[in-house]
Protein chains: 2
Amino acid sequence: MTKGKIQKSSNKTSPRQGGAQSIRRSIAILRSVSKHNETGARLHQIAKAVDLPTPTVHRILTVLLEEKFLSFDIEGKTYRLGSELYSLGAATQRISIRDRYHTSLQRISGQTGDGTCLVIPSGYDGLCIDHIPGKYRIQVLGFDINERRPLGIGAACLALLSFLPEKQREDIIAANAPRYMTYYGIEDKEVRSWIKRTRKLKYSNSIHIVSSESIGVGAPILNKKGQVVAAISMAGINSRMTSEKRRETARIILAEIAAVDPPPD
Amino acid sequence: MTKGKIQKSSNKTSPRQGGAQSIRRSIAILRSVSKHNETGARLHQIAKAVDLPTPTVHRILTVLLEEKFLSFDIEGKTYRLGSELYSLGAATQRISIRDRYHTSLQRISGQTGDGTCLVIPSGYDGLCIDHIPGKYRIQVLGFDINERRPLGIGAACLALLSFLPEKQREDIIAANAPRYMTYYGIEDKEVRSWIKRTRKLKYSNSIHIVSSESIGVGAPILNKKGQVVAAISMAGINSRMTSEKRRETARIILAEIAAVDPPPD
DNA sequence: ATATAAAATTCCATATAATGGAATAAAATA
DNA sequence: TATTTTATTCCATTATATGGAATTTTATAT
């Protein structure tokens with residue numbers, strides 16, 4: 001008996017994946033690997049990060065490896081992002097974000113004298129994809145090409161986070177809260193108040209957050225649909241970055257962004 | 001009751017996917033989309049290309065869209081590669097192939113006076129990821145950034161193909177044979193003979209293949225493990241490209257490649 | 001406008017692909 | 001050499017992905 005004629009339309013805990021569990025998992029794994037791409041990620045590490053049993057992760061890693069979405073270092077037994085991702089990444093946009101704004105960065109750097117960088121969202125992080133050093137003798141360094149920083153921290157990452165849709169923003173803040181605290185001693189409450197300010201001004205200020213001696217200014221790049229796809233920021237040492245200079249810098253960055261035909265998506 | 005105690009260890013036709021069918025399918029779909037990224041690919045088109053039923057493809061596309069591995073143009077109902085692929089692609093190598101060889105390309109172009117390009121393998125194609133125009137008044141154009149060409153056709157794509165492992169090479173030739181014939185009127189036999197020559201010389205010559213007025217020279221870039229990861233080529237008009245000039249160009253390209261610390265993978 | 005065809009999307013019963021616990025093997029460490 | 005940790009293989013079980021059929025939307029012909 002108990003034939004169970006009534007179909008359980010929703011089962012206890014499974015969150016309804018829509019017939020794509022393994023794909024979602026693969027993507028989570030790729031994102032996890034990308035966070036440790038410099039050192040390379042180990043099976044165990046990845047499994048813990050994505051919260052899945054080791055054999056499952058192992059199987060998925062094997063496929064991604066075969067398809068060159070990952071590469072494997074046999075000595076260290078570590079996984080990194082693979083060449084096929086590079087190929088596909090290179091083919092994404094007819095003109096990539098980087099190409100599109102490279103000369104803008106150069107001009108901003110030329111006008112302000114300080115270092116400028118171009119940052120895109122990548123998971124819960126901002127990823128720096130281009131950087132022009134400033135010409136002053138004393139420079140703020142730190143956010144160089146291929147580096148990552150939690151969304152919300154620093155002028156560019158704050159600009160990115162601020163203009164994401166609210167739901168996504170909250171997800172990211174929740175996920176990053178521990179990092180805010182551990183690495184920067186900042187409560188998520190504070191990040192939310194910065195966001196509010198940033199949205200009002202249309203550009204971000206990052207004051208003594210990443211480093212106590214530097215101040216940054218950043219602005220978002222929106223695509224044709226109005227979604228944030230990147231951000232440009234400039235950072236200088238305190239003494240140079242008066243509030244007047246900050247406003248002026250923001251003006252320059254915003255003007256440069258406005259001058260470029262926005263990316264389609 | 002015919003409980004079927006004997007397990008069918010191998011079933012009739014299924015080609016043993018190792019628990020990753022949907023992942024493989026997703027990747028095939030991404031590759032297919034990348035081939036039509038400029039115009040965008042439609043559901044039907046993709047389904048035909050990867051030889052799967054439309055609903056299945058539709059479901060996978062939906063996930064890839066949600067995960068930003070694809071973007072969707074609502075007017076044209078077309079799919080393109082998405083921002084997350086760009087992010088992951090940008091994070092692949094500490095220094096990307098493009099950054100690593102950009103100045104080499106500039107130097108080669110400076111020394112030879114002709115246009116140079118950097119090409120990576122992408123599926124059955126070579127994908128141009130960087131290009132420096134030459135300085136002569138008359139230039140060979142054609143292979144520009146983001147363009148694709150079948151592996152085997154043109155100096156760079158021939159260099160790439162020639163130094164792949166034999167099995168992979170044969171797979172690619174088999175897959176590309178129809179395109180060789182249709183678009184260039186070339187038999188796969190010919191391609192194989194070029195490969196032989198290229199492997200012997202350590203660089204490729206592409207004579208009157210892509211265009212009857214131009215000649216190209218290319219050389220492979222091998223990573224630390226000795227695998228081809230990219231190729232550099234230079235193309236000039238016939239009158240300039242004497243056999244002497246070709247040898248000299250090859251020398252320059254090979255020297256430039258040798259001067260750069262090879263990519264790890 | 002209206003009919004017709006083609007492509008996109010939703011639905012859902014079913015089978016099979018993906019799962020992950022357990023066992024085993026291989027490294028790392030004591 | 002023993003012990004722990006991490007990686008890999010195995011395979012019975014079931015939840016997941018599948019794809020045929022139905023429906024809706026969009027394009028094209030009349």
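Convention: sequence-line order gives letters A, B, ...; per-chain numbering from 1. Worth saying up front: this structure is predicted, and the values here are computed from it rather than measured.
- Contact between B/Y184 and B/I209 at its shortest, heavy atoms only, is CD2-O, 4.1 Å.
- At the heavy-atom level, A/P55 lies under 4.0 Å from base atoms of the strands shown.
- Atoms CG (B/L52) and C1' (D/dT18) sit 10 Å apart, rounded to a whole Å.
- Taking side-chain N and O atoms only, A/R59 has a distance below 4.0 Å to OP1 or OP2 of C/dT19.
- In this structure, CG of A/L61 is placed 11 Å from C1' of D/dA7, rounded to the nearest angstrom.
- Rounded to whole angstrom, the span from the CD1 atom of B/I23 across to the P atom of D/dT18 amounts to 10 Å.
- Listed pair B/S22 / C/dA18 meets the phosphate criterion, a side-chain N or O lying under 4.0 Å from OP1 or OP2.
- Regarding A/R24, its CZ atom lies at a distance of 16 Å from the P atom of C/dA18, rounded to whole Å.
- Taking only side-chain nitrogens and oxygens, B/Q21 comes nearer than 4.0 Å to OP1 or OP2 of D/dT18.
- Between the CG atom of A/L43 and the P atom of C/dG20 there is a distance of 14 Å, rounded to whole Å.
- For the pair B/D51 CG and D/dG19 P, the interatomic distance rounds to 10 Å; values are reported in whole Å.
- B/K48 places its NZ atom 11 Å from the P atom of C/dA6, with the value rounded to the nearest Å.
- Taking side-chain N and O atoms only, B/H58 has no distance below 4.0 Å to OP1 or OP2 of C/dA8.
- Nucleotide D/dT24 holds its P atom 15 Å from the NZ atom of B/K77, rounded to whole Å.
- Under a cut-off of 6.0 angstrom, the local environment of NZ in A/K68 is sparse, with at most 12 non-hydrogen atoms contributed by other residues, nucleotides or ligands.
- The number of heavy-atom neighbours closer than 6.0 Å to CZ of B/F163, taken from other residues, nucleotides and ligands shown, is above 12.
- In plain terms, the two heavy atoms of B/P263 and B/I97 that are nearest each other are CG-CD1, 3.9 Å.
- Pairing each heavy atom of A/A175 with each of A/P178, the nearest pair is O-CD, 3.5 Å.
- Nearest-nucleotide mapping onto DNA chain D: of B/P53 and A/Q45, the residue sitting toward the 5' end is A/Q45.
- The nucleotide whose nearest atom lies closest to any side-chain atom of A/Y79 is, among D/dT8, C/dG20, D/dA17, D/dT8.
- In this model, the phosphate group of D/dT5 is not approached by any side-chain N or O of A/H44 to a distance below 4.0 Å at OP1 or OP2.
- Close to C/dG20, at under 4.0 Å from its OP1 or OP2, lies a side-chain N or O of A/R25.
- Between A/D125 and the options A/R31, A/R179, A/R149, a side chain to side chain donor-acceptor pair (under 3.5 Å) holds for only A/R179.
- If you find the closest nucleotide of DNA chain C to A/T56 and to A/R42, the one lying nearer the 5' end belongs to A/T56.
- Environment of NZ in A/K202: sparse, with no more than 12 heavy atoms of neighbouring residues, nucleotides or ligands closer than 6.0 Å.
- Near DNA chain C, meaning a heavy atom under 4.0 Å from it, residues 64-71 of chain B has no residue at all.
- Of all the heavy atoms in B/R98 and B/L118, the pair that sits closest is CA-CD2, 3.8 Å.
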